[in-house]
Asker: 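Sharing a structure, written as structure tokens. Questions coming.
Order of the sequence lines fixes the chain letters, A, B, ..., with proteins taken first and strands second; residue numbering starts at 1 for each chain.
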Number of protein chains: 2
Amino acid sequence: MDHIDQEILQLLKNNGRMTSSEISRQVHLSVPAVSERIRKLEESAVIDRFTVKLNREQLGQQLLAFIMVQLEKPEHVEEFRKVILQADSVLECHHMAGAYDYMLKVALSGTKELERLISDTIKQVPGVVKTNTMIVLSSMKEEM
Amino acid sequence: MDHIDQEILQLLKNNGRMTSSEISRQVHLSVPAVSERIRKLEESAVIDRFTVKLNREQLGQQLLAFIMVQLEKPEHVEEFRKVILQADSVLECHHMAGAYDYMLKVALSGTKELERLISDTIKQVPGVVKTNTMIVLSSMKEEM
DNA sequence: GCGATATCCAGAAAAATTCCTGTTCTTTTC
DNA sequence: GAAAAGAACAGGAATTTTTCTGGATATCGC
């Protein structure tokens, strides 16, 4: 992980489909050298994976929110996990230290769908005793 | 945006570097047809951009946290924005409805760096009157 | 010093992409 | 309902990229 690797990662963060030959021109290395570096970054798990960032608004998910969840007892975690992993509108779920046990980041079409998610999905899980929802007005920064 | 486009997006989410020829085999279309569809998805901004998901732990950022920030008056927003955009450890910054004005998602090496970020960077911004930091213990889901 | 490992480059073969053309299918319009 | 216009697709050629070799150079540990 030298400074050239960092340059390569920076370029790939901006454009994950940038070709090795284009990268090679920017970092002043040969094409095989760049390909080999990328391969090793993947192998060493520094690069988790290549992906595509979609525009949520274009996909009808105009509403972004954070939902904090208090789970009564650890015995309910498995059921909770299953529900969360299946819910497409839940982008992230973090186990937290503090007053609440879980923090969810969710993307939905609007408040109707948010209401359904909270009432019909999250609060239906046994052990969920309290939630606290915070609505996002706008996002000034959003990387990975 | 038909079901084939959705298939293509799903494939690209799992592997952003999947070649058009590989995709064409999976969705039973010709290579030019797939390329054209991807081009249009980019043009219509459904695809924001291609990128790479890095492994934060491998990069020495073992600590993930959310910081909620209360900003006294809107006149301090510009200064706040500048500081946030420059801070590499701040992954996300959302303007919120509710008790706090901003929600930050930050990734750092540890509590020392977190302390510096809060005390020396965020709280130094004029107008920041209150913060509330929540530490992530583990993440069971994290997409985009 | 000396071997072992790693990194690099150059060139060739394989693969993928792009571009072009012709065809089919859908949609529009009369 | 039929003809025209437009969009989407498949096939093939030219270009670019990737991958795979072989060999040179540098680095590290002994």
Side-chain angles (χ1 to χ4, degrees), chain A residues 1-62 88-89 107 109 142-144, chain B residues 1-62 88-89 107-110 142-144:
Chain A
M1 269 297 285
D2 59 6
H3 72 103
I4 296 182
D5 282 331
Q6 303 217 356
E7 264 186 82
I8 293 174
L9 289 180
Q10 191 59 49
L11 291 170
L12 287 175
K13 267 169 70 169
N14 289 333
N15 178 10
R17 290 209 128 185
M18 184 176 278
T19 63
S20 293
S21 52
E22 176 61 27
I23 295 173
S24 72
R25 281 189 284 272
Q26 304 239 5
V27 302
H28 307 295
L29 278 181
S30 68
V31 173
V34 170
S35 297
E36 183 70 5
R37 278 170 179 266
I38 294 175
R39 194 190 63 73
K40 288 188 177 172
L41 286 168
E42 288 188 74
E43 190 183 284
S44 69
V46 171
I47 291 179
D48 185 29
R49 62 197 173 88
F50 289 91
T51 186
V52 59
K53 187 175 185 307
L54 302 182
N55 186 327
R56 287 194 290 268
E57 264 124 45
Q58 293 285 334
L59 293 169
Q61 301 182 321
Q62 287 88 358
D88 287 341
S89 52
S109 60
E142 192 165 16
E143 325 182 330
M144 301 217 310
Chain B
M1 269 297 284
D2 59 5
H3 71 102
I4 297 183
D5 282 331
Q6 303 216 357
E7 266 187 81
I8 292 174
L9 290 180
Q10 191 58 49
L11 291 170
L12 288 175
K13 266 169 70 168
N14 290 333
N15 178 10
R17 291 210 127 185
M18 184 177 278
T19 61
S20 293
S21 52
E22 177 61 27
I23 295 173
S24 72
R25 281 190 285 271
Q26 304 240 2
V27 301
H28 307 296
L29 278 182
S30 68
V31 173
V34 170
S35 297
E36 184 69 4
R37 278 170 178 265
I38 294 175
R39 193 191 63 73
K40 288 187 178 173
L41 285 168
E42 288 188 73
E43 189 183 283
S44 69
V46 172
I47 290 180
D48 185 31
R49 62 196 174 88
F50 290 91
T51 185
V52 59
K53 186 176 186 306
L54 301 181
N55 185 326
R56 286 194 291 268
E57 264 124 44
Q58 293 285 334
L59 292 169
Q61 300 182 322
Q62 288 86 1
D88 288 340
S89 51
L108 313 122
S109 61
E142 193 165 17
E143 326 181 329
M144 300 216 309

Asker: Which value, rounded to the nearest 0.5 Å, describes the distance between I23(A) atom CD1 and L12(A) atom CG?
Answerer: 4.0 Å
Asker: Between E143(A) and K53(B) (salt bridge meaning N to carboxylate O under 4.0 Å), is one present in this structure?
Answerer: no
Asker: Which parts of nucleotides 19-28 of chain C does protein reach within less than 4.0 Å, heavy atoms only, written one letter per nucleotide 5' to 3' as B for base, S for sugar-phosphate only and - for none?
Answerer: B---------
Asker: Please evaluate residues H28(A) and E7(A) with respect to the criterion side-chain contact (heavy atoms from CB on, under 4.5 Å), reporting the C-alpha separation (whole Å), side-chain torsions for both, the decisive distance (0.1 Å), and the verdict.
Answerer: CA-CA 11 Å; H28(A) 307 295; E7(A) 264 186 82; over 6 Å; no
Asker: Which distance, rounded to the nearest 0.5 Å, do you find between the CG of N15(B) and the OG1 of T51(A)?
Answerer: 9.0 Å
Asker: Side-chain contact test, heavy atoms from C-beta onward, threshold under 4.5 Å: evaluate it for F50(B) versus N14(A) and give yes or no.
Answerer: no
Asker: Tabulated below should be each protein N or O lying under 3.5 Å from an N or O of nucleotides 23-27 of chain D; please produce it.
Answerer:
none

Asker: If you round to the nearest 0.5 Å, how far is CG of L29(B) from OG of S24(B)?
Answerer: 8.0 Å
Asker: If I take atom CD from residue Q61(B) and atom CG from residue L54(B), how far apart are they, to the nearest 0.5 angstrom?
Answerer: 9.0 Å
Asker: Using the side-chain contact (heavy atoms from CB on, under 4.5 Å) rule, take M1(B) and L41(B) through it: C-alpha gap first, then chi angles, then the decisive distance, then the call.
Answerer: CA-CA 8 Å; M1(B) 269 297 284; L41(B) 285 168; 3.7 Å; yes
Asker: Taking atom NZ of K13(B) and atom CZ of R49(A), what is their separation to the nearest 0.5 Å?
Answerer: 8.5 Å
Asker: To the nearest 0.5 Å, how far apart are CZ in R37(A) and CD1 in I47(A)?
Answerer: 12.0 Å
Asker: Are the side chain of D2(A) and the backbone of D5(A) linked by a donor-acceptor contact shorter than 3.5 Å?
Answerer: yes
Asker: From the set dA10(D), dT18(D), dT18(C), return the single nucleotide nearest to any side-chain atom of L29(B).
Answerer: dA10(D)
Asker: Sorted by first residue and then second, give each salt bridge (Lys or Arg N to Asp or Glu O under 4.0 Å) pair with at least one member in residues 18-36 of chain A; sequence neighbours left out.
Answerer: E22(A)-R25(A), E36(A)-R39(A), E36(A)-K40(A)
Asker: So for the helix from dG1(C)-dC30(D) to dC30(C)-dG1(D), with five pairs setting each end axis, what is the inter-axis angle to 10°?
Answerer: 50°
Asker: For DNA chain D, find the residues of residues 8-28 of chain B with a heavy-atom distance under 4.0 Å and give them by number; none if there aren't any.
Answerer: none
Asker: Test side-chain contact (heavy atoms from CB on, under 4.5 Å) on L59(A) and V46(B); report intermediate values, then the result.
Answerer: CA-CA 7 Å; L59(A) 293 169; V46(B) 172; 4.0 Å; yes
Asker: Among residues 35-45 of chain B, which ones have heavy-atom contacts with DNA chain D below 4.0 Å?
Answerer: R37(B), K40(B)
Asker: Counting neighbours of CG on D88(B) that are heavy atoms of other residues, nucleotides or ligands and sit closer than 6.0 Å, is the number greater than 12?
Answerer: no
Asker: Stepwise, does the side-chain contact (heavy atoms from CB on, under 4.5 Å) test hold for V27(B) with L11(B)?
Answerer: CA-CA 10 Å; V27(B) 301; L11(B) 291 170; 4.2 Å; yes
